[in-house]
Number of protein chains: 2
Amino acid sequence: MTSTEALELLKKNGYSITDKREKIIHYFFEHPRYLSVKEVIDYLKELYPGLSFETVYRNLALFRDLGILEETELDGEKRFQVNCEASHHHHHVICLKCGKSKTIQQCPMSQVPEIEEFKIVEHKFEIYGYCSDCQ
Amino acid sequence: MTSTEALELLKKNGYSITDKREKIIHYFFEHPRYLSVKEVIDYLKELYPGLSFETVYRNLALFRDLGILEETELDGEKRFQVNCEASHHHHHVICLKCGKSKTIQQCPMSQVPEIEEFKIVEHKFEIYGYCSDCQ
DNA sequence: CTCTTTGCAAAACATTTGCATGCCT
DNA sequence: AGGCATGCAAATGTTTTGCAAAGAG
């Protein structure tokens with residue numbers, strides 16, 4: 001997905017393309033890593049000093065629901081990044097310092113064929129550590 | 001680990017064995033699943049109406065630090081359960097309704113030998129779904 | 001008797017919601 | 001014009017912390 005496609009997706013679903021939404025989406029496409037909500041707010045506040053954080057929360061939730069972003073949670077904080085491979089199932093290696101992530105295609109679920117009397121609906125596999133820049 | 005061993009571990013590390021701590025520990029050993037903090041507070045409030053939730057938070061953090069409990073986070077809530085296999089690396093299948101978990105010995109990290117220029121420090125692999133009782 | 005534990009109060013923090021105004025289309 | 005978006009205010013929910021009183025060893 002490109003940022004243009006993301007904006008088209010907004011329009012296609014009946015949502016307006018506002019300046020703030022454009023900035024948020026471009027910011028995510030220019031920073032391909034898991035960003036904390038705070039990081040997004042700090043960035044947007046520079047451009048729009050009067051910005052209210054609710055707007056960011058609301059838009060991030062919207063983008064997540066539309067499949068533009070994907071969400072994870074680390075240390076009690078939500079984090080988002082571009083869902084650039086929406087159609088491919090994958091997992092992430094996430095840097096604990098900068099939030100940058102690499103995609104890994106391996107999914108451990110292939111090794112866990114079935115669990116008796118348990119209906120599996122989802123799973124989470126994430127690797128944490130430090131990237132080359134943050135070590 | 002047994003509940004008795006857990007209490008001995010407390011004493012050995014210079015902490016008192018209070019009635020509330022005993023109740024909390026027994027409650028975890030009698031309910032072998034991921035319990036939310038709220039569940040623990042609700043249970044303990046029945047026995048000690050004057051209970052303050054801070055006590056529960058403080059003790060759960062203590063037990064976690066001592067290796068008696070292990071922690072996870074689901075939907076922005078912390079959850080704890082007995083760390084019954086502290087020495088063995090393992091993962092969990094967790095019921096989204098009741099929090100009950102099964103241990104699985106498979107660790108996907110054996111399939112992910114190394115990631116270039118990334119220093120791995122930890123990982124999370126959890127499977128979510130519904131157990132036989134909650135389906 | 002001393003040190004730990006607890007309750008109380010308050011704060012810290014992340015997130016959500018109702019409502020009125022304002023901006024896209 | 002009409003509906004979605006935003007800011008404001010306030011609420012919600014979870015977790016943490018300082019301090020003084022109560023309890024354990």
Full working for side-chain contact (heavy atoms from CB on, under 4.5 Å) between A:Ile94 and A:Ile127 = CA-CA 6 Å; A:Ile94 305 172; A:Ile127 299 173; over 6 Å; no

Between protein and nucleic acid, restricted to nucleotides 12-16 of chain C and to nitrogen or oxygen atoms under 3.5 Å apart, what atom pairs and distances do you find?
unit_1, atom_1, unit_2, atom_2, d
C:dT15, OP1, A:Lys78, N, 2.9
C:dT15, OP2, A:Tyr57, OH, 2.6
C:dT16, OP1, A:Lys78, NZ, 3.4

Check residues 2-10 of chain B and write down every donor-acceptor pair under 3.5 Å in which the side-chain atom is one partner and the other belongs to a residue at least two apart or another chain.
unit_1, atom_1, unit_2, atom_2, d
B:Thr2, OG1, B:Thr4, N, 3.4
B:Thr2, OG1, B:Glu5, N, 3.1
B:Glu5, OE1, B:Thr2, N, 2.9

Would you list the pairs meeting salt bridge (charged side-chain N to carboxylate O under 4.0 Å, His left out) in which at least one residue belongs to residues 25-39 of chain A, sequence neighbours left out?
->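 Non-adjacent pairs meeting salt bridge (charged side-chain N to carboxylate O under 4.0 Å, His left out): A:Arg33-A:Glu39, A:Lys38-A:Asp42.
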
Does the B:Lys102 side chain pair with the main chain of A:Ile115, one donor and one acceptor, at a distance under 3.5 Å?
->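 Pair absent, no side-chain N/O of B:Lys102 close to backbone of A:Ile115.
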
For residues 51-68 of chain B, pull every pair meeting side chain to side chain donor-acceptor pair (under 3.5 Å), keeping only residues two or more places apart or in separate chains.
->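 Every side chain to side chain donor-acceptor pair (under 3.5 Å) pair that includes a residue of residues 51-68 of chain B, provided the two are not neighbours, is B:Arg21-B:Asn59, B:Ser52-B:Glu54, B:Ser52-B:Thr55, B:Arg64-B:Glu71.
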
Not counting sequence neighbours, list each pair that qualifies as a side chain to side chain donor-acceptor pair (under 3.5 Å) and has a residue in residues 126-135 of chain A.
->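 Matches after skipping sequence neighbours: A:Thr72-A:Glu126, A:Lys100-A:Asp133, A:Glu126-A:Tyr128, A:Ser132-B:Glu117.
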
Please list, in 5' to 3' order, the outermost nucleotides of DNA chain D lying under 4.0 Å from any heavy atom of chain A.
->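 Answer, 5' to 3': D:dC4 to D:dA9.
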
For the helix from C:dC1-D:dG25 to C:dT25-D:dA1, figure out the bend between the end axes, five pairs an end, and round to 10 degrees.
->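 Rounded value for the end-axis angle: 30°.
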
Per the side-chain contact (heavy atoms from CB on, under 4.5 Å) rule, which among B:Thr18, B:Asn13, B:Ile17 passes with B:Tyr15?
->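 Result: among B:Thr18, B:Asn13, B:Ile17, B:Asn13 is the only option passing the side-chain contact (heavy atoms from CB on, under 4.5 Å) with B:Tyr15.
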
Quick one: list whatever passes side chain to side chain donor-acceptor pair (under 3.5 Å) with A:His123, sequence neighbours left out.
->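 Per chain and number, A:His123 pairs via side chain to side chain donor-acceptor pair (under 3.5 Å) with A:His89, A:His91.
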
Residues in side chain to side chain donor-acceptor pair (under 3.5 Å) contact with A:Asp19, at least two apart in sequence or another chain |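 So A:Asp19 forms no side chain to side chain donor-acceptor pair (under 3.5 Å) with any residue.
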
Polar atoms only, N or O, under 3.5 Å: list the protein pairs with nucleotides 19-25 of chain C and their distances.
unit_1, atom_1, unit_2, atom_2, d
C:dT25, OP1, A:Ile17, N, 3.3

With no hydrogens and no angle check, do the side chains of A:Gln81 and A:His92 hold a donor and an acceptor under 3.5 Å apart?
->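 On atom types as modelled, these side chains qualify, holding a pair under 3.5 Å.
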
With sequence neighbours excluded, tell me which residues meet ring-ring contact (aromatic ring centres under 6.0 Å, His included) with B:Tyr27.
->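 ring-ring contact (aromatic ring centres under 6.0 Å, His included) list for B:Tyr27, sorted by chain: B:His31, B:Tyr43.
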
B:Lys23: salt bridge (Lys or Arg N to Asp or Glu O under 4.0 Å) partners, not counting sequence neighbours =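 Result, salt bridge (Lys or Arg N to Asp or Glu O under 4.0 Å) vs B:Lys23: none returned.
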
